[in-house]
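The structure appears below as structure tokens.
Order of listing sets the numbers, starting from 1, for every ligand and every atom in it.
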Amino acid sequence: MSVNPLFVALDTTDLPHARALAQALSGVAGGVKLGLEFFVAHGAAGVQAALADVALPLFLDLKFHDIPNTVAGAVRAAAPLAPALMTVHAAGGRSMMQAAVDAAESEAARLGIERARLVAVTVLTSLDEDDLAAIGVPGPVEDQVRRLAALAHEAGLDGVVCSPHEAAVLRADLGPDALIVTPGVRPAGAAASDQKRVVTPAEALAAGASHLVVGRPITAAEDPAAAARAILETETETIPRPGRADD
Ligand code: C5P
């Protein structure tokens with residue numbers, strides 16, 4: 001059986017709620033994603049508290065972007081949480097990304113745990129061509145996405161986070177082993193919320209995604225576990241996996 005691709009985004013500052021969701025999703029989801037909102041409110045101790053008593057893999061989405069020494073220190077500081085996945089901004093450059101990978105490797109070895117897989121954010125999907133031009137990056141957004149994804153790959157990162165609309169071209173660019181993590185995924189018929197261009201889980205996986213990030217369609221459901229199960233059962237079961245996931 002292939003690895004469960006579904007990571008559920010717990011975007012909340014409510015620790016008991018995050019913990020209840022993690023417990024409900026244990027054994028159903030492939031993991032949970034905790035990001036800046038939760039982390040700024042509760043820190044590493046909060047992450048441990050939210051995931052206490054559950055064996056769900058953690059996607060720690062803190063999107064590091066700083067000088068290499070500082071990012072390496074942040075990656076080392078996160079290692080005791082044993083995240084399965086972590087994010088950095090590819091725009092931080094090759095040395096920063098290499099420092100992140102080296103830190104993840106050495107600290108995991110020191111702790112005797114499996115190292116976090118590092119995935120790069122290329123161009124935030126909130127930015128369009130005009131936004132990029134305003135920060136001195138002319139040309140189509142896709143060119144910049146591909147450039148930064150290639151740089152991340154060369155720097156030794158395990159993959160990228162991208163829009164499902166970029167998944168196919170990045171799968172072709174990066175090859176079968178890269179992790180391709182896609183948010184902006186909605187079950188057929190679900191509300192798009194503020195996601196502008198959504199695709200279904202099946203479409204994202206068919207395009208080359210190895211991991212799906214889904215938040216509100218699951219966390220706001222009356223029965224989050226049932227919502228997650230429905231996504232996995234009805235949307236992904238017949239999809240051939242184009243790349244390996246995280247094993
Ligand atoms: O609730 P929803 O399914 O829209 O949550 C998607 C998650 O993926 C959120 O944590 C959001 O921050 C994240 N994300 C996104 N779009 C991106 C990058 C990350 O929606 N381009």
Side-chain angles (χ1 to χ4, degrees), residues 5-14 17-18 21-22 24-25 28-42 46-47 50 56-65 83-91 118-129 131-132 141-142 144-146 148-149 152 157 159-170 179-205 207-222 224-225 227-228 230-232 235-236:
L6 180 64
F7 276 68
V8 180
L10 307 183
D11 293 316
T12 176
T13 55
D14 182 341
H17 184 49
L21 282 167
L25 293 165
V28 181
V32 291
K33 180 171 94 73
L34 290 170
L36 284 167
E37 186 176 345
F38 183 88
F39 197 83
V40 169
H42 300 293
V47 174
L56 280 173
L58 166 65
F59 176 4
L60 191 60
D61 182 20
L62 302 179
K63 298 188 175 67
F64 294 142
H65 187 174
L85 285 171
M86 290 184 75
T87 43
V88 301
H89 271 282
L118 291 170
V119 288
V121 176
T122 56
V123 177
L124 294 169
T125 50
S126 50
L127 302 179
D128 63 17
E129 198 168 320
D131 295 314
L132 286 189
V141 173
E142 187 181 295
Q144 178 70 351
V145 168
R146 294 177 72 184
L148 288 173
L157 260 70
V160 293
V161 183
C162 67
S163 153
H165 300 280
E166 295 155 352
V169 72
L170 293 184
L179 305 185
I180 295 188
V181 181
T182 58
V185 174
R186 289 287 176 271
S193 309
D194 54 355
Q195 298 281 6
K196 286 188 185 133
R197 296 182 303 151
V198 298
V199 305
T200 66
E203 287 167 340
L205 292 171
S210 60
H211 295 67
L212 310 174
V213 173
V214 180
R216 288 160 291 179
I218 293 172
T219 58
E222 207 165 303
I231 286 175
L232 284 164
E235 309 259 8
T236 64

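With sequence neighbours excluded, the residues forming a side-chain contact (heavy atoms from CB on, under 4.5 Å) with Pro217 are Arg186, Pro187, Val214, listed by chain and number. For Thr87, the side-chain hydrogen bond (donor to acceptor under 3.5 Å, both in side chains) partners are Asp61, not counting sequence neighbours. Every residue two or more places apart in sequence or in another chain that forms a side-chain contact (heavy atoms from CB on, under 4.5 Å) with Thr125 is listed here: Ser163.
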List ligand 1's nitrogen or oxygen atoms that come under 3.5 Å of a protein nitrogen or oxygen, with the partner atom and distance.
from	atom 1	to	atom 2	distance (Å)
ligand 1	1 (O)	Arg216	N	2.7
ligand 1	1 (O)	Arg216	NE	2.7
ligand 1	3 (O)	Arg186	NH1	2.8
ligand 1	3 (O)	Arg186	NH2	3.4
ligand 1	3 (O)	Gly215	N	2.7
ligand 1	4 (O)	Arg186	NH2	2.8
ligand 1	4 (O)	Gln195	NE2	2.8
ligand 1	4 (O)	Arg216	NH2	2.7
ligand 1	10 (O)	Asp11	OD1	3.3
ligand 1	10 (O)	Asp11	OD2	2.7
ligand 1	10 (O)	Lys33	NZ	2.9
ligand 1	20 (O)	Gln195	NE2	2.7
ligand 1	21 (N)	Thr125	OG1	2.4

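Contact annotation: the side chain of Val185 never approaches that of Val213 to less than 4.5 Å [non-hydrogen atoms, C-beta and beyond].
In this structure, the side chain of His42 does not engage the main chain of Val47 through any donor-acceptor pair within 3.5 Å.
Ring geometry for His89 against His65 counts as tilted: the plane angle lies between 30° and 60°, on a 0 to 90° scale.
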